[in-house]
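First comes the structure, then the notes that go with it.
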Amino acid sequence: MEKQFWITLFTDEGDNTLKSITDTFLSQGINIQQMSAKESLIPSLMQYDILVNLNPSAIKPLQKGLSKLNTVHKALSYEPKEKSSSNIREKIKVALKAVVRKKQMIPMLSAS
(Lines give C-alpha, C1' and ligand atoms only; values in the text may rest on other atoms or scores of the structure.)
Protein backbone atom coordinates (compact mmCIF):
# COMPACT_ATOMS: atom_id res chain seq x y z
CA MET A 1 0.00 0.00 0.00
CA GLU A 2 1.40 3.36 -1.01
CA LYS A 3 1.93 6.21 1.44
CA GLN A 4 3.01 9.82 1.07
CA PHE A 5 6.61 10.68 1.86
CA TRP A 6 8.65 13.85 1.75
CA ILE A 7 12.16 13.46 0.40
CA THR A 8 14.56 16.27 1.30
CA LEU A 9 17.76 16.48 -0.73
CA PHE A 10 20.78 18.67 -0.13
CA THR A 11 22.69 19.25 -3.36
CA ASP A 12 25.30 21.42 -4.97
CA GLU A 13 23.96 23.99 -7.36
CA GLY A 14 24.39 22.78 -10.91
CA ASP A 15 22.95 22.83 -14.38
CA ASN A 16 21.97 19.15 -14.49
CA THR A 17 21.03 18.62 -10.85
CA LEU A 18 17.28 18.88 -11.31
CA LYS A 19 17.39 16.67 -14.40
CA SER A 20 19.42 14.00 -12.57
CA ILE A 21 17.01 14.04 -9.65
CA THR A 22 13.89 13.77 -11.78
CA ASP A 23 15.50 11.06 -13.95
CA THR A 24 16.10 8.99 -10.81
CA PHE A 25 12.43 9.20 -9.87
CA LEU A 26 11.29 8.44 -13.42
CA SER A 27 13.63 5.46 -13.76
CA GLN A 28 12.00 3.92 -10.68
CA GLY A 29 8.49 4.71 -11.92
CA ILE A 30 7.79 7.22 -9.14
CA ASN A 31 5.63 10.25 -9.88
CA ILE A 32 6.55 13.48 -8.14
CA GLN A 33 3.44 15.00 -6.54
CA GLN A 34 5.01 18.27 -5.42
CA MET A 35 8.50 19.75 -5.50
CA SER A 36 10.13 22.91 -4.21
CA ALA A 37 13.69 24.15 -4.33
CA LYS A 38 15.38 26.77 -2.20
CA GLU A 39 18.80 27.69 -0.95
CA SER A 40 19.48 25.79 2.26
CA LEU A 41 20.74 27.34 5.48
CA ILE A 42 24.22 26.91 4.00
CA PRO A 43 24.89 29.15 1.00
CA SER A 44 25.74 27.27 -2.22
CA LEU A 45 23.70 24.23 -1.10
CA MET A 46 20.23 23.75 -2.51
CA GLN A 47 17.42 22.06 -0.61
CA TYR A 48 14.84 20.16 -2.64
CA ASP A 49 11.64 19.06 -0.90
CA ILE A 50 9.82 16.42 -2.95
CA LEU A 51 6.45 14.84 -2.13
CA VAL A 52 5.86 11.34 -3.54
CA ASN A 53 3.46 8.43 -3.11
CA LEU A 54 5.22 5.11 -2.83
CA ASN A 55 5.37 1.82 -1.04
CA PRO A 56 7.28 2.16 2.27
CA SER A 57 9.62 -0.65 1.20
CA ALA A 58 10.75 1.48 -1.76
CA ILE A 59 11.90 4.49 0.28
CA LYS A 60 15.36 3.17 1.23
CA PRO A 61 16.26 2.09 -2.34
CA LEU A 62 15.14 5.50 -3.59
CA GLN A 63 17.29 7.30 -1.00
CA LYS A 64 20.23 5.09 -1.94
CA GLY A 65 19.77 5.84 -5.64
CA LEU A 66 19.55 9.57 -5.00
CA SER A 67 22.62 9.51 -2.75
CA LYS A 68 24.65 8.02 -5.60
CA LEU A 69 24.16 11.15 -7.72
CA ASN A 70 27.31 13.28 -7.80
CA THR A 71 25.57 16.47 -6.76
CA VAL A 72 23.45 14.99 -3.92
CA HIS A 73 25.13 15.15 -0.53
CA LYS A 74 22.28 13.91 1.66
CA ALA A 75 18.81 12.46 1.21
CA LEU A 76 16.27 12.36 4.05
CA SER A 77 12.75 10.93 4.05
CA TYR A 78 9.79 11.37 6.37
CA GLU A 79 6.02 11.27 6.39
CA PRO A 80 4.00 14.49 5.90
CA LYS A 81 2.72 14.48 9.47
CA GLU A 82 6.34 14.73 10.66
CA LYS A 83 7.31 17.60 8.34
CA SER A 84 6.90 20.38 10.88
CA SER A 85 8.09 18.41 13.90
CA SER A 86 11.16 19.45 15.87
CA ASN A 87 12.58 15.95 15.29
CA ILE A 88 12.70 16.54 11.52
CA ARG A 89 14.18 20.02 11.97
CA GLU A 90 16.89 18.43 14.12
CA LYS A 91 17.55 15.73 11.48
CA ILE A 92 17.94 18.45 8.87
CA LYS A 93 20.43 20.36 11.04
CA VAL A 94 22.46 17.18 11.62
CA ALA A 95 22.38 16.41 7.88
CA LEU A 96 23.61 19.91 7.04
CA LYS A 97 26.47 19.63 9.54
CA ALA A 98 27.47 16.29 7.97
CA VAL A 99 27.41 17.84 4.49
CA VAL A 100 29.61 20.72 5.63
CA ARG A 101 32.12 18.30 7.17
CA LYS A 102 32.11 16.22 3.99
CA LYS A 103 32.62 19.27 1.77
CA GLN A 104 35.51 20.42 3.96
CA MET A 105 37.15 16.99 3.68
CA ILE A 106 36.92 16.80 -0.13
CA PRO A 107 39.83 19.23 -0.82
CA MET A 108 41.99 17.38 1.73
CA LEU A 109 41.20 14.01 0.14
CA SER A 110 41.90 15.32 -3.38
CA ALA A 111 45.29 16.70 -2.35
CA SER A 112 46.61 13.32 -1.25
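Worth saying up front: this structure is predicted, and the values here are computed from it rather than measured.
Using a 4.5 Å cut-off on side-chain heavy atoms (C-beta onward), Ile42 and Phe10 make no contact.
A distance of 11.0 Å separates CD1 in Ile21 from CD1 in Ile7, rounded to the nearest 0.5 Å. Between the CG atom of Asp12 and the NE2 atom of His73 there is a distance of 3.0 Å, given to the nearest 0.5 Å. Interatomic distance, Leu76 CG to Trp6 CH2, rounded to the nearest 0.5 Å: 13.5 Å. Taken to the nearest 0.5 Å, the CG atom of Asn16 stands 11.0 Å off from the CG atom of Leu69. If you take CZ on Phe5 and CD1 on Ile50, they are separated by 14.5 Å, rounding to the nearest 0.5 Å.
With sequence neighbours excluded, no residue satisfies salt bridge (Lys or Arg N to Asp or Glu O under 4.0 Å) with Lys64. Lys38 is linked by a side chain to side chain donor-acceptor pair (under 3.5 Å) to nothing, counting only residues two or more places apart in sequence or in another chain. Partners of Leu18 by side-chain contact (heavy atoms from CB on, under 4.5 Å), not counting sequence neighbours, listed by chain and number: Thr22, Met35, Tyr48. Under the salt bridge (Lys or Arg N to Asp or Glu O under 4.0 Å) criterion, Lys68 pairs with no residue, sequence neighbours left out.
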Residues 51-62 side chain polar contacts: donor-acceptor under 3.5 Å, at least two apart:
unit_1	atom_1	unit_2	atom_2	d
Asn55	OD1	Ser57	N	3.0
Asn55	OD1	Ser57	OG	3.0

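For the residue pair Gln47 / Asp49, a side-chain donor-acceptor distance below 3.5 Å is found, with atom types taken as modelled.
Within 6.0 Å of the CG atom in Asn70, the count of heavy atoms belonging to other residues, nucleotides or ligands does not exceed 12.
Distance alone, capped at 3.5 Å, is enough to place a donor-acceptor pair between the Ser40 side chain and the Leu45 backbone.
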